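Below is one structure, written out as structure tokens, with a few remarks after it.
The chains referred to below are lettered A, B, ... by the order of the sequence lines, with proteins before strands, and numbering in each begins at 1. Everything numeric in this text was worked out from a predicted model, so none of it was measured.
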Protein chains: 2
Amino acid sequence: MPHKHVKEMEALKEHLGKHQLKLTRQRELILNAFLRQEHITAEAMYHQLAKADPHLGLATIYRTLNLFCDAGLAQARHFGSQTKYDNVSHKGHHDHLICTGCEKIVEFENEEIERLQEEVAARNGFTIKNHRLELYGLCSSCRH
Amino acid sequence: MPHKHVKEMEALKEHLGKHQLKLTRQRELILNAFLRQEHITAEAMYHQLAKADPHLGLATIYRTLNLFCDAGLAQARHFGSQTKYDNVSHKGHHDHLICTGCEKIVEFENEEIERLQEEVAARNGFTIKNHRLELYGLCSSCRH
DNA sequence: TTGAAATTGATAAACTGTCTCAAAATTATA
DNA sequence: TATAATTTTGAGACAGTTTATCAATTTCAA
Ligand SMILES: [Mn+2]
Ligand SMILES: [Mn+2]
Ligand SMILES: [Zn+2]
Ligand SMILES: [Zn+2]
């Protein structure tokens, strides 16, 4: 039977090949777990994987998630006080709506906002390399 | 001679009064130092004030800056990896352009973006309480 | 002026993330 | 497949930042 996440696995292998890095059991394990979620903290993944491999070290989780960032599969995002790794392997740039009641995260894209950002930057002589837009509030469930 | 920052001092006193908090020498000292800058880290303020009062503790700086946040005079912002306290006493909400070359920070407001944010939130059933928009890039000086 | 309540300073502790290094795993080569 | 060079791992030490603790001090209402 075919494994899931074949495309992402290929992308990782390509990155590894280009940088003299090796494909390890841990990297495969963490990749598969990572691709199963949208946003996750290193700590949460650590606990999640403790069942599958109780000896997997937290440092390895951090190292591997950072590797995924380098490979373009993940992106570290600082939501409030915690750092979550965003699964960006199968989607482009996007921003976030975050419910402060239930922690739900909704992703969105808005070209008009992006365009206005460029406009603001240009007006101030800046060239934008990247940006962060987070909207914090209550989702419809939590408002009641 | 009249002291500076009278209005902000009044605002602080009002907050203190409402919460059974006391006005101390340290709080006055830190308020005046804080209002002299736009964005500053707790650590930077600690070193800055070491000259005026070598015994002022770092914990007091943190406590007091957080108090200013509660009082609506300051706002903690996480720029890149450091936390800076933003002086919002004499201006309303605003967002930031941050130069990754020289650390320069430019403030801006854009009603159109704010409006579009509300639109995005409404479309997803959210009510926004606050938001964060940061544009990272290079200023005109650093681009050369 | 007094005394209850809040604040302070010093430092311990918590927290998050990175570094170190010997042991283990991977991969190229023979 | 065996060998050996190189990379990776896991455990815990370590570092940076912020909060908690607590006895001593200060504030302020009565
Ligand atoms: Mn996302
Ligand atoms: Mn600002
Ligand atoms: Zn919610
Ligand atoms: Zn610059």
Could you tell me how far apart [X] ([atom1]) and [N] ([atom2]) are, to the nearest whole angstrom?
{"X": "B/Met45", "N": "D/dT18", "atom1": "CE", "atom2": "P", "answer": "14 Å"}
{"X": "A/Glu43", "N": "C/dT18", "atom1": "CD", "atom2": "P", "answer": "13 Å"}
{"X": "B/Leu58", "N": "C/dA13", "atom1": "CG", "atom2": "C1'", "answer": "14 Å"}
{"X": "B/Tyr62", "N": "C/dC15", "atom1": "OH", "atom2": "P", "answer": "16 Å"}
{"X": "B/Tyr46", "N": "D/dT18", "atom1": "OH", "atom2": "C1'", "answer": "14 Å"}
{"X": "B/Ile61", "N": "D/dT19", "atom1": "CD1", "atom2": "C1'", "answer": "15 Å"}
{"X": "A/Leu12", "N": "D/dT7", "atom1": "CG", "atom2": "P", "answer": "17 Å"}
{"X": "B/His47", "N": "D/dG16", "atom1": "NE2", "atom2": "P", "answer": "12 Å"}

How about A/His131 and A/His93: are their ring centres within less than 6.0 Å of each other?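 Centroid separation for A/His131 and A/His93: below 6.0 Å.
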Between A/Phe79 and A/His96, ring centroids under 6.0 Å: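 Yes: the rings meet the under 6.0 Å criterion.
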According to a strict under-4.0 Å criterion, is [X] in side-chain N/O contact with OP1 or OP2 of [N]?
{"X": "A/Asn66", "N": "C/dG17", "answer": "no"}
{"X": "A/His55", "N": "D/dT9", "answer": "no"}
{"X": "B/Thr83", "N": "D/dT18", "answer": "yes"}

Closest heavy-atom contact between A/His78 and B/Arg132?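 Looking at all heavy atoms of both residues, the shortest contact is O-NH1, 3.5 Å.
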Carefully, step by step, assess A/Ile61 and A/Glu43 under the rule side chain to side chain contact (heavy atoms under 4.5 Å, CB included). CA-CA 8 Å; A/Ile61 304 278; A/Glu43 193 76 25; over 6 Å; no
Below 4.0 angstrom, N of the basic side chain to O of the carboxylate: do B/Arg115 and B/Glu111 qualify?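 The answer is no: the pair does not qualify as a salt bridge.
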Under 30°, 30 to 60°, or over 60°: which ring-plane class applies to A/Phe34 and A/Phe68, parallel, tilted or perpendicular?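 Answer is tilted, since the angle falls between 30° and 60°.
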Taking for each residue the nucleotide of DNA chain C bearing the nearest heavy atom, is the 5' side occupied by B/Ala59 or by B/Thr64?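 Looking at the nearest nucleotide for each, B/Thr64 comes out on the 5' side.
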Enumerate the protein-to-nucleotides 5-7 of chain C contacts in which both atoms are nitrogen or oxygen and the separation is below 3.5 Å.
residue	atom	partner	partner atom	Å
C/dA5	N3	B/Lys22	NZ	2.8
C/dA6	O4'	B/Lys22	NZ	3.3
C/dT7	OP1	B/Lys22	N	3.0
C/dT7	OP1	B/Arg27	NH1	2.5
C/dT7	OP1	B/Arg27	NH2	3.2

Compare all side-chain heavy atoms of [X] with those of [Y] and state whether any distance is below 4.5 angstrom.
{"X": "A/Tyr46", "Y": "A/Thr41", "result": "no"}
{"X": "A/Leu133", "Y": "A/Phe108", "result": "yes"}
{"X": "A/Lys104", "Y": "A/Ile98", "result": "no"}

Using heavy-atom distances to pick each residue's nearest nucleotide on DNA chain D, tell me which of B/Arg25 and B/His78 is more 5'.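 It is B/His78 whose nearest nucleotide is closer to the 5' end.
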Polar atoms only, N or O, under 3.5 Å: list the protein pairs with nucleotides 28-30 of chain C and their distances.
none

